[in-house]
Amino acid sequence: MGKNVEQDNKPDFLKDLNNGILDELTAGGRIKNAVGLAGELTEIESVDELNGLPFCGYVAKIETPRPSGTLDEVAVAFPAQAAYAATAGIEFDVLREFTVGSRIMVQGKIQTVKNWQSGKVLVFILAEYVAIAPKAMLQDDVAICGVIANKPAVRTTPRGKRITDIFVKIKSELKDGWCYVPCICWQEQADEVAGWQQGDTVELLGRYQSREYKKIVGTLYADGQPVENEIETRTAYEVSVQQIRRKEEAENGK
């Protein structure tokens, strides 16, 4: 019996670390959306729109490794002013200075934009600060506080891992309205979140994650019969949750 008590009181260093990062990024709960990111630049281009939304600036792709070694591709959008902030306002040629292979440090907020014509949703980091930082420690931390916008969806992976999917509603920084951030909870946390409900206010820490999937986009027919599906490989972007707390229950909660 004493052995079980000792095991129950064993420090959970990972949980303590995640709680510390969450508190630091959210300034003890005062900030509702914060991202700290550092990784390798793989692509960058100037743009005048984001998934159909007017935006004058740059879109970059940054790779960050998971603890397993798998690389996640992070989409980052920023106006030129976000890059100039790192040089005290001194202007420079962003495309010339931000070269592929550079280590880039980003601070900003996670956002989503839906293209209503194509139906595609872009999940990206809107950078408030972006700079070349060769010695920056690799980082991929997303902390948000928002409202669960859907009934938590429970599923199990082919390998038997339990998952609960939620969308967290947060303020849009580029237009009036809201963003809906897709978040994935795993195992014990998935079990807990599965019992929560739409309208609950949550605070979470996670990492920006990308994964490829195949989607049937059309079907080829011969003599009126389907003979082959047209399959397109797409990339999904989401937040893989490491720590989550329920701050408030929905008004209709029991």
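Atoms considered below: every heavy atom in the structure, side chains included; atoms not considered: hydrogens, waters and symmetry mates.
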Does any non-hydrogen side-chain atom of [Y] lie less than 4.5 Å from one of [X]?
{"X": "Y180", "Y": "N150", "answer": "no"}
{"X": "E230", "Y": "L220", "answer": "yes"}
{"X": "P65", "Y": "L71", "answer": "yes"}

Q: List the steps and the verdict of side chain to side chain contact (heavy atoms under 4.5 Å, CB included) for Y84 and I90.
A: CA-CA 6 Å; Y84 301 155; I90 299 175; over 6 Å; no
Q: Please list, chain by chain and in numerical order, all residues satisfying salt bridge (charged side-chain N to carboxylate O under 4.0 Å, His left out) with E63, sequence neighbours excluded.
A: none
Going hydrophobic residue to hydrophobic residue with side-chain gaps under 4.5 angstrom, can you get from [X] over to [Y]?
{"X": "V130", "Y": "L37", "result": "yes"}
{"X": "F92", "Y": "L41", "result": "yes"}
{"X": "V241", "Y": "V193", "result": "yes"}
{"X": "V74", "Y": "F98", "result": "yes"}
{"X": "I244", "Y": "V154", "result": "no"}

Q. Is there a donor-acceptor contact under 3.5 Å from the side chain of E49 to the main chain of N51?
A. yes
Q) So, D200 side chain and A250 main chain: donor-acceptor pair closer than 3.5 Å or not? A) yes
[X]: partners by side-chain hydrogen bond (donor to acceptor under 3.5 Å, both in side chains), with sequence neighbours left out:
{"X": "T64", "answer": "D140, R207"}
{"X": "D191", "answer": "R162"}
{"X": "D165", "answer": "R155"}
{"X": "E192", "answer": "none"}

Of all the heavy-atom pairs spanning [X] and [Y], show the shortest one and how long it is.
{"X": "L95", "Y": "D93", "value": "N-OD1, 3.2 Å"}
{"X": "Q111", "Y": "N33", "value": "NE2-ND2, 3.8 Å"}
{"X": "A86", "Y": "A131", "value": "CB-CB, 3.5 Å"}
{"X": "A149", "Y": "K169", "value": "CB-CB, 4.3 Å"}
{"X": "D72", "Y": "S210", "value": "OD1-N, 3.0 Å"}
{"X": "C185", "Y": "A190", "value": "O-CB, 3.4 Å"}

Once you round to the nearest 0.5 Å, how far does [atom1] of [X] lie from [atom2] of [Y]?
{"X": "W196", "Y": "I166", "atom1": "CH2", "atom2": "CD1", "answer": "7.5 Å"}
{"X": "I132", "Y": "T87", "atom1": "CD1", "atom2": "OG1", "answer": "10.5 Å"}
{"X": "K171", "Y": "W178", "atom1": "NZ", "atom2": "CH2", "answer": "8.5 Å"}
{"X": "L204", "Y": "Q243", "atom1": "CG", "atom2": "CD", "answer": "10.0 Å"}
{"X": "T219", "Y": "N229", "atom1": "OG1", "atom2": "CG", "answer": "4.5 Å"}
{"X": "Q198", "Y": "K151", "atom1": "CD", "atom2": "NZ", "answer": "10.5 Å"}

Q.
Going by ring-ring contact (aromatic ring centres under 6.0 Å, His included), name the residues that satisfy it together with Y129, two or more places apart in sequence or in a different chain.
A. none
(Q) Applying ring-ring contact (aromatic ring centres under 6.0 Å, His included), can you list everything that pairs with Y208, at least two apart in sequence or on another chain? (A) Y237
Q: Tell me, please, which residues at least two apart from V121 pass side chain to side chain contact (heavy atoms under 4.5 Å, CB included).
A: T112, K114, V123
Q. Which other residues end up in the same hydrophobic cluster as L50, if Ile, Leu, Val, Met, Phe, Trp and Tyr are linked when side-chain heavy atoms come under 4.5 Å apart?
A. V47, L53, F55, V59, V113, L122, F124, L126, L174
**Q.** Pair listing, salt bridge (charged side-chain N to carboxylate O under 4.0 Å, His left out) test, anchored in residues 80-89, at least two apart
**A.** none
**Q.** Residue pairs involving residues 151-170 (criterion ring pair (Phe, Tyr, Trp, His ring centres under 6.0 Å); sequence neighbours excluded)
**A.** none
Check residues 101-110 and write down every donor-acceptor pair under 3.5 Å in which the side-chain atom is one partner and the other belongs to a residue at least two apart or another chain.
residue : atom : partner : partner atom : Å
S102    : OG   : T99     : O            : 2.8
S102    : OG   : T99     : OG1          : 2.9
R103    : NH1  : A136    : O            : 2.7

